[in-house]
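A short write-up of the structure that comes next.
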Amino acid sequence: MKRRLLVALVMTIALLLSSTGLVAADDGTMPPAEGQAVYDYITKTSPYQSWSLFPGKGKLYKGKHPHGALLTSYVNDVALKGINNKVGTLVDGSIIIKENYMPDKTLGAVTVMYRVKGYDPDAGDWFWAKYKADGSIAKEGKVAGCIGCHTAAIGNDWVFTGPVK
């Protein structure tokens with residue numbers, strides 16, 4: 001009887017934490033930290049353009065090098081909950097995507113930050129990817145340029161787009 005109550009309590013706490021964005025639900029649908037798998041996930045399994053925009057950002061806001069003159073940033077539900085709840089560190093399964101546009105509003109690239117538990121503890125466990133406009137992989141993995149730049153935002157969980165705490 002005590003064991004059942006303990007199990008029920010633990011499951012209730014896990015459900016509550018998952019719903020607040022403090023931990024991610026692991027339903028087995030998240031892709032491995034691999035460029036093609038992530039691309040397939042964000043374009044087929046869970047098309048990112050149906051996700052929420054990064055809170056406080058609209059479409060085609062002014063960008064900076066190396067991303068693009070104009071940006072549109074999307075977040076999956078896991079990241080959105082964490083950002084809205086000001087968790088400070090986004091949970092595993094959080095994905096932030098930037099569409100990188102040229103000054104003439106032509107899509108130049110799509111860049112991705114994807115938190116994967118244990119992937120790269122020295123760089124916040126973020127998997128980085130850059131896809132060309134045609135969907136081909138330009139960069140993926142522990143991308144030195146991404147890590148080197150985003151180190152400046154380590155106090156905001158490596159995120160420049162807006163506050164996560």
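What you see below is based on every heavy atom in this structure, not just the backbone, and it leaves out hydrogens, waters and symmetry mates.
Donor-acceptor pairing under 3.5 Å is lacking for the side chains of T151 and W158. In the model, N100 has a side-chain atom that pairs as donor or acceptor with a side-chain atom of T111 under 3.5 Å. Side-chain contact of Q49 with E99: a donor-acceptor pair under 3.5 Å is present, judged by distance alone. No donor-acceptor contact under 3.5 angstrom links the side chains of K81 and S94, judged on distance only. Side-chain contact, Y74 with S50: no donor N or O sits under 3.5 Å from an acceptor N or O.
Q36 places a side-chain heavy atom less than 4.5 Å from the side chain of I137. D40 is not listed as a side-chain neighbour of T45, based on a closest heavy-atom distance of 4.5 Å or more. The side-chain heavy atoms of P163 and N156, taken from C-beta on, include a pair separated by under 4.5 Å. Residues V75 and W51 fail the side-chain proximity criterion, which asks for heavy atoms closer than 4.5 Å. In this structure the side chain of V87 never reaches within 4.5 angstrom of the side chain of V164, judged on heavy atoms.
L60 pairs by the side-chain contact (heavy atoms from CB on, under 4.5 Å) definition with L70, T72, Y101, K105, not counting sequence neighbours.
Rounded to the nearest 0.5 angstrom, Y61 OH and K98 NZ are separated by 3.5 Å. Considering OG of S52 and CG of N76, their distance stands at 9.5 Å, rounded to 0.5 Å. Taking CD1 of I96 as the reference point, atom CG of D157 lies at 7.5 Å (rounded to 0.5 Å). The line from OG of S73 to NE2 of H67 is 8.5 Å long, rounded to the nearest 0.5 Å. Atom SG of C146 and atom NZ of K139 lie 6.5 Å apart (nearest 0.5 Å). Within the model, atoms CG of L107 and OH of Y131 stand 13.5 Å from one another, a figure rounded to the nearest 0.5 Å.
In terms of heavy atoms, G118 sits closest to P121 at O-CD, 3.9 Å. Nearest heavy-atom pair, P55 versus N84, reported as atom, atom and distance to 0.1 Å: CG-OD1, 3.7 Å. The minimum heavy-atom distance between A37 and P31, with the atom names listed, is O-CB, 3.7 Å.
The backbone N or O of V116 sits nowhere less than 3.5 Å from a side-chain atom of D92 that would complete a donor-acceptor pair. For S136 (side chain) and K132 (main-chain N/O), no donor-acceptor pair under 3.5 Å exists by modelled atom type.
Following chains of ILVMFWY side-chain contacts shorter than 4.5 Å, one cannot reach F54 starting from F160, and the two form parts of different hydrophobic clusters. Cluster annotation: I154 is connected to I83 through the hydrophobic network of ILVMFWY side chains, with a link wherever side-chain heavy atoms come within less than 4.5 Å. Residue V112 is not grouped with residue L71 when hydrophobic side chains (ILVMFWY) are merged at heavy-atom distances under 4.5 angstrom, including chains of intermediate members.
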Worksheet item: Is there a side-chain contact (heavy atoms from CB on, under 4.5 Å) between V143 and K130 once you walk through the steps?
Response: CA-CA 9 Å; V143 181; K130 178 178 181 180; over 6 Å; no

Fill in: Audit row: K59, L53, side-chain contact (heavy atoms from CB on, under 4.5 Å) steps and yes/no
CA-CA 8 Å; K59 290 190 174 191; L53 294 176; 4.1 Å; yes

Item to complete: Go through the steps for T29 and Y41 under the test side-chain hydrogen bond (donor to acceptor under 3.5 Å, both in side chains), then give the verdict.
Response: CA-CA 9 Å; T29 62; Y41 178 81; 4.5 Å; no

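Salt bridge absent: D122 and K142 never bring a charged side-chain N and a carboxylate O closer than 4.0 Å.
Here H150 and W126 keep their ring centres 6.0 angstrom or further from each other.
Classification of the Y114-F127 ring pair by plane angle, with boundaries at 30° and 60°, yields perpendicular.
Partner I95 forms a side chain to side chain contact (heavy atoms under 4.5 Å, CB included) with one of R115, M30, M113 and no other, that one being M30.
Other residues, nucleotides and ligands contribute at most 12 non-hydrogen atoms within 6.0 Å of the NZ atom of K62.
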